[in-house]
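To start, the structure under review is shown below, and the notes come after it.
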Amino acid sequence: MRSVPSIVHLDLDAFFAAVEQRDKPSLRGKPVIVGGVGTRGVVATASYEARVFGVRSAMRTAEARARCPHAAYLTGRFAAYRITSRAVMAVLREISPLVEPVSLDEAYVDLAGDAGRDLSAAGVEELAAALKERVREVTGGVTASVGAGTSKLVAKIASDLRKPDGLLVVEPGAETDLLHPMPVGRIPGVGPATAERLRRIGVHTVGELARAGEPDLVAALGQAHGHALARLAMAEDDRAVVPLRESKSISAEDTFEHDIVDPALLSAIIDRLGTRVCERLTRERLSGRTVTVKIRLFDFTTYTRSATLAGPTDDVRVVNRLARRLLAEVDTSAGVRLLGVGVSGLADWVQEDLFGSAADVDLAVGPRPRAAADVDLVEAVGRPPAARRNPTADVRAGPGHGAEAGPRSDQRVPGEPNPPRWSPGQDVMHTEFGPGWVWGAGLRRVTVRFETAATGPGPVRTFATDDPDLAPYTPLTWDPGLRVSPKKARPASPAP
DNA sequence: TCTGGGGTCCTAGGACCC
DNA sequence: TCTGGGGTCCTAGGACCC
């Protein structure tokens, strides 16, 4: 927790609905509801005029229609929201480079770091008031609620308290007086399930939460959640404002107007969803190893099935084939309400499929080949730019980093002992398995020397990427019985 | 006419490795 | 041959957020 209220939280009021009212003057002053308009739709955003009738986010659209039949019901125009959001984020970055967008309509700003700034409560309030005015200008009239305080928690709660179009700076030292009377559900991260568990141990307010012992909270909520809430209740929150968050998964899902039984149709939908995901992967220059299929049945029971490839891919054929296989693991004969496809385990480099085919990759489901650090790399060249996701590879690093070699997971024989590993000081690694991988995250060129028992010193092969910016993930095949020579026995560097 | 779509983080158990 | 602890990876599900 800081000594000055230098964290600002900005929240655009009823954002989607506000953009609609801005673009269609006839909607101004009227209830506007943005969300799914079908029979299974839910409300994404309700304008304040609609909230008067009790319409809320996440409410079924059918119920919203019952409460507020005269409202305008609109599906989202996300391109417009995105453009408006970008303009707001740009305004925030004029104030400080430390801007963390939480969603299209929400962001934190860290004012610390600018030594010359007046970070007194009065100074921050003046800045926030000017900020609200700038946001209104650049968005064409969309209003924002702004909170500021000594932590993310306090800034967020402050902006919540003054919605809509409000401003609150919480003075340092006043945090617990503000928080303690509140119901626990006001703390972000405390939803219905957590609130119920807390109620059962007699905790209803943040003050009671602060007085509860951490051991009791951990027992009721688990280690991470219990510990985090015990701290938040005492306004202890040192979470940083993180300007750049890397995405961890990309997914697409669809709820159907009517439940689907036809397997061929389900398969076709899986393909469509997988294609959507891969298009995004490609556009964002990402690839991923884990494919997940989500299946919601007619009765809302929900299954996920996932499988992890030996190497990352953004290949729509690979993703779709695997997704269809995962779909087949679940009995869908009674009707499917929702299907989803996701890819996680993201890397920001694309597999260079130099020696394999998509079909090979598809087969290579299973854990990534385990590390055999210090494998016989004759030479490894290339360090990725610091900005890239994969940190600099250290060829001599331990498991999980740098160069690895091992059998392809799909080539392992269950029950058989694991293949030999390379260890420092070892002269020769005998490989008795078939096809193998050499993997060098962050490397651009990898040279491997082979030596066979039969032929003596064997071929030297170099694997490289075309794009100097990319790391290779190079599946290569070597012959059973091949021996690999150690680094210390290497000859002069071979030409690539 | 019950319950969206895009995400993140956590837990727990099993496999496997050292 | 047995025992065991710690760590990582993978899978499935759940809570939560906007």
Side-chain angles (χ1 to χ4, degrees), chain A residues 11-12 14-16 34-45 56-66 75-76 78 81 85 101-107 156 160 185 187-197 218 221-229 242 245-258 273 276-277 280 289-296 298-310 326 329-330 337-346 365-373 398-401 406 409 412 414-415 417-419 421 423:
Chain A
D11 196 328
L12 298 163
F15 180 51
F16 299 167
V34 179
V37 296
T39 54
R40 286 176 167 174
V42 298
V43 174
T45 308
R56 296 281 177 272
S57 293
M59 177 182 281
R60 279 177 296 123
T61 300
E63 188 179 344
R65 285 189 199 276
T75 56
F78 281 85
Y81 309 152
S85 176
V102 178
S103 63
L104 288 180
D105 66 347
E106 229 189 286
K156 163 105 177 146
D160 270 1
I187 295 183
V190 178
T194 303
E196 173 56 25
R197 286 187 190 184
V218 168
L221 306 174
Q223 181 58 49
H225 211 183
H227 175 71
L229 278 189
V242 184
R245 288 214 124 98
E246 285 166 337
S247 45
K248 310 224 157 143
S249 67
I250 286 180
S251 66
E253 64 184 55
D254 259 343
T255 294
F256 315 122
E257 205 65 17
H258 304 285
L273 293 167
R276 237 150 76 189
V277 169
R280 276 192 59 198
R289 289 184 59 222
T290 302
V291 175
T292 301
V293 166
K294 178 171 166 183
I295 301 147
R296 178 118 76 207
F298 69 102
D299 62 354
F300 225 73
T301 56
T302 305
Y303 299 92
T304 61
R305 290 292 177 270
S306 65
T308 300
L309 297 159
L326 291 166
E329 292 179 12
V330 174
R337 166 191 184 96
L338 169 150
L339 276 185
V341 173
V343 172
S344 56
L346 300 184
V365 176
R368 190 179 74 201
R370 292 275 178 167
H401 303 285
S409 56
R412 291 219 194 140
N418 286 305
R421 287 162 191 290
S423 55

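Every chain is numbered from 1, with letters handed out A, B, ... down the list of sequences.
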Whole Å only: how far is the [atom1] atom of [X] from the [atom2] atom of [N]?
X	N	atom1	atom2	result
A:L221	B:dA12	CG	P	12 Å
A:M59	B:dT1	CE	C1'	15 Å
A:K294	B:dG6	NZ	P	9 Å
A:H258	B:dT1	NE2	C1'	11 Å
A:H227	B:dC9	NE2	P	17 Å
A:L346	B:dC9	CG	P	12 Å
A:F298	B:dC2	CZ	C1'	14 Å
A:E246	B:dT8	CD	P	11 Å

[options]: which one has an atom nearest the side-chain heavy atoms of [X]?
X	options	value
A:R40	C:dT11, B:dT3, B:dT11	B:dT3
A:K248	B:dG5, B:dG7, B:dC9	B:dC9
A:E253	B:dG5, B:dG4, B:dC2	B:dG5
A:R296	B:dT11, C:dC10, B:dG4	B:dG4
A:R337	B:dG4, B:dG7, B:dT11	B:dG4

Which heavy atom of [X] sits nearest a heavy atom of [Y], and at what distance?
X	Y	result
A:S57	A:A44	OG-O, 3.0 Å
A:V37	A:T61	CA-CG2, 4.4 Å
A:F16	A:T45	CD1-OG1, 3.4 Å
A:R305	A:L326	O-CD1, 3.6 Å

For A:R60 and A:Q223, find the nucleotide of DNA chain B closest to each by heavy atoms; which residue's nucleotide sits nearer the 5' end?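 Looking at DNA chain B, the more 5' nearest nucleotide goes with A:R60.
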Please tell me which of A:F300 and A:A252 maps to the more 5' nucleotide of DNA chain B, matching each residue to the nucleotide holding its nearest heavy atom.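 The 5'-side residue here is A:F300.
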When every nucleotide of nucleotides 13-18 of chain C is labelled 5' to 3' by its protein contacts under 4.0 Å (heavy atoms), B for base, S for sugar-phosphate only, - for none, what sequence of letters results? S-SSSS
Does B:dG4 have OP1 or OP2 sitting under 4.0 Å from an N or O in the side chain of A:T61?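 So the side chain of A:T61 is outside the cut-off, no N or O lying under 4.0 Å from OP1 or OP2 of B:dG4.
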Does C:dC9 have OP1 or OP2 under 4.0 Å away from a side-chain N or O of A:T308?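 So the side-chain polar atoms of A:T308 never come under 4.0 Å of the phosphate oxygens OP1 or OP2 of C:dC9.
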Indicate, with a heavy-atom threshold strictly under 4.0 Å, whether [X] touches base, sugar-phosphate, or nothing.
X	answer
A:E63	nothing
A:R65	nothing
A:A224	sugar-phosphate

For the backbone of A:L104 and the side chain of A:S85, can you confirm whether one donor and one acceptor N or O come within less than 3.5 Å of each other?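 Flag set: sc A:S85 to bb A:L104 pair under 3.5 Å.
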Test your reading of the model: is there a side-chain donor-acceptor pair from A:T302 to the backbone of A:F300, 3.5 Å cut-off?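 Pair found, side chain donor or acceptor close to backbone of A:F300.
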Inter-residue atom distance A:T301.OG1 - A:R337.CZ, 0.5 Å rounding: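 Answer rounded to 0.5 Å: 11.0 Å.
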Could you give the distance from CG (A:L346) to CZ (A:R289), rounded to the nearest 0.5 Å?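 One finds 11.5 Å between CG of A:L346 and CZ of A:R289.
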Assign C:dC2 to syn or anti; the rule is syn for a glycosidic angle within 90° of 0 and anti otherwise.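 In terms of base orientation relative to the sugar, C:dC2 is anti.
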Let's go through A:R56 and A:V43 carefully: what are the C-alpha distance in whole Å and the side-chain angles of both, what is the deciding distance for side chain to side chain contact (heavy atoms under 4.5 Å, CB included) to 0.1 Å, and is it a yes or a no? CA-CA 7 Å; A:R56 296 281 177 272; A:V43 174; over 6 Å; no
So what stems show up for DNA chain B if we need 3 or more Watson-Crick or G-U pairs in a row, all under 3.5 Å?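 So far as stems of 3 or more pairs are concerned, DNA chain B shows B:5-18 with C:5-18.
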Could you give the distance separating B:dC2 and C:dC18 at their P atoms, to the nearest angstrom?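 Comparing P positions in C:dC18 and B:dC2 gives a spacing of 28 Å.
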P atom, C:dC17 versus B:dT1: distance in rounded Å?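 Result for the P pair: 32 Å, nearest Å.
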Quick one: do A:D254 and A:L339 satisfy side chain to side chain contact (heavy atoms under 4.5 Å, CB included)? Show the steps, please. CA-CA 6 Å; A:D254 259 343; A:L339 276 185; 5.9 Å; no
Do A:T194 and A:L229 have side-chain heavy atoms sitting under 4.5 Å apart?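 Touching, per the 4.5 Å side-chain cut-off.
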